[in-house]
Amino acid sequence: ELEENSLELINYAKNKNWIIIVITNQSGISKGLLTWENYQLVTNKMISLLGEVNPFHGIYANSELDNLKDNNWRKPSPNMIIEASFDFPIDIQKSLIIGDRLTDIQAGARAGLKNAFHVFKGHGIKERPLISKFIDSKGTFFDSEFSIKLNLIDNLKNFPKQYISAEGIN
């Protein structure tokens, strides 16, 4: 099932002609819990729930279990985001990442994004206390030498109206 209000947020982004990319770790494939074919079925179902036209410009997925090799794609590595910036006309400085895990926020910071949104849903409920330890009083998330403005949100319900104006991200 789709996260509540994700369809509205995706439609908002589509109407603004934003490039929408999905970046996902799928370690369950390497663990033998599912196959790439199972993953593709789930992805196809997600896309069908979003409507007639696939709203995503790209979907980057990996099945790596860890980040031991230099060229890994597993978040918190920024490599999937960086690859997307090569494949699509993405301005990293104006891009944002939305996620429910610490590794989502770290990947965004390491890729050079300036804005991140952590959603208090799914894994976000468990990971919010950990993520909060990396935030200063100005709302900046620090990950070793990388940083990113982090907005803590409960859900996606009012995301476009609350955080994004015609001039950009508030």
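Atoms considered below: every heavy atom in the structure, side chains included; atoms not considered: hydrogens, waters and symmetry mates. Quick caveat, the model's predicted, so the values are computed rather than measured.
Shown here for Phe141 and Leu102, the closest heavy-atom pair between the two residues is CZ-CD1, 3.6 Å. Between Leu49 and Glu1 the shortest heavy-atom distance is CD1-CA, 4.3 Å. Asn72 and Asn79 get closest at one heavy-atom pair: O-ND2, 2.5 Å. The two atoms that bring Ile105 and Phe117 nearest to each other are CD1-O, 4.1 Å, heavy atoms only. Of all heavy-atom pairs spanning Pro89 and Ile19, the tightest one is O-CD1, 3.5 Å. A pairwise comparison of heavy atoms in Asn62 and Asn25 identifies ND2-OD1, 2.9 Å as the closest pair.
In this structure, the separation between CD1 on Ile131 and CZ on Phe120 is 10.5 Å, given to the nearest 0.5 Å. Atom CD1 of Ile47 sits about 4.0 Å away from atom CG of Asn54, to the nearest 0.5 Å. Between the CD1 atom of Ile98 and the CD1 atom of Ile20 there is a distance of 9.5 Å, given to the nearest 0.5 Å. Rounding to the nearest 0.5 Å gives a distance of 7.5 Å between CG of Leu96 and CG of Leu113. Summarising the geometry, atom CD1 belonging to Ile10 is positioned 7.0 Å from atom CG belonging to Leu2; distances are rounded to the nearest 0.5 Å. Between Thr140 atom OG1 and Ile135 atom CD1 the span is 9.0 Å, to the nearest 0.5 Å.
One hydrophobic cluster holds both Ile59 and Leu50 under the rule that ILVMFWY side chains link at heavy-atom gaps under 4.5 Å. In this structure, Tyr60 is not a member of the same hydrophobic cluster as Ile29, with clusters built from ILVMFWY side-chain heavy atoms closer than 4.5 Å. Residues Phe86 and Ile90 do not share a hydrophobic cluster, clusters being chains of Ile/Leu/Val/Met/Phe/Trp/Tyr side chains in contact below 4.5 Å. Val22 is connected to Leu34 through a chain of hydrophobic side-chain contacts under 4.5 Å among Ile, Leu, Val, Met, Phe, Trp and Tyr, so both are in one cluster. Val42 and Met46 fall into different hydrophobic clusters, defined by Ile, Leu, Val, Met, Phe, Trp and Tyr side-chain heavy atoms under 4.5 Å apart, directly or through other members.
For the pairing with His118, the side chain to side chain donor-acceptor pair (under 3.5 Å) check across Arg101, Arg128, Glu127 returns one residue only, Arg128.
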Report the C-alpha distance between Asn11 and Lys14 in whole Å, list the side-chain angles of each, state the deciding distance to 0.1 Å, and finish with yes or no for side chain to side chain contact (heavy atoms under 4.5 Å, CB included).
CA-CA 5 Å; Asn11 284 333; Lys14 272 180 24 182; 3.7 Å; yes
Start with the C-alpha gap between Glu64 and Ser27, add the side-chain angles, then the distance that decides, and say whether side chain to side chain contact (heavy atoms under 4.5 Å, CB included) holds.
CA-CA 6 Å; Glu64 296 173 351; Ser27 62; over 6 Å; no
Trace of the side chain to side chain contact (heavy atoms under 4.5 Å, CB included) decision for Leu150 with Asn115
CA-CA 6 Å; Leu150 181 59; Asn115 288 281; over 6 Å; no
Worked check of side-chain hydrogen bond (donor to acceptor under 3.5 Å, both in side chains) between Asn155 and Asn5
CA-CA 8 Å; Asn155 56 54; Asn5 295 103; over 6 Å; no
Show your reasoning for whether side chain to side chain contact (heavy atoms under 4.5 Å, CB included) applies to Lys114 and Lys149.
CA-CA 6 Å; Lys114 299 298 177 202; Lys149 168 112 174 71; over 6 Å; no
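Contacts classified as salt bridge (Lys or Arg N to Asp or Glu O under 4.0 Å) and involving residues 129-145 (residues at least two apart or in different chains) are given here: Arg110-Asp143.
The backbone N or O of Trp73 lies less than 3.5 Å from no partner atom in the side chain of Ser77, so there is not a single donor-acceptor pair. In terms of modelled atom types and a separation under 3.5 Å, the side chain of Lys121 and the main chain of Asp100 share no donor-acceptor contact. Looking only at distances, a side-chain donor or acceptor of Asn38 sits under 3.5 Å from a matching main-chain atom of Thr35. Checked by atom type and distance alone, the side chain of Glu4 never pairs as donor or acceptor with a backbone atom of Lys157 at under 3.5 Å.
Annotation: side-chain contact (heavy atoms from CB on, under 4.5 Å) contacts of Ser30 (sequence neighbours excluded): Ser63, Leu65.
For Phe142 and Phe134, the distance between ring centers is not under 6.0 angstrom.
Counted within 6.0 Å of CD on Gln40, heavy atoms from surrounding residues, nucleotides or ligands total more than 12; the atom is thus considered enclosed.
Taking the six-membered ring where the residue is Trp, Tyr12 and Trp18 present perpendicular rings, their angle passing 60° and hence far from 30°.
Between Ile82 and Ile92, every side-chain heavy-atom pair lies at or beyond the 4.5 Å cut-off.
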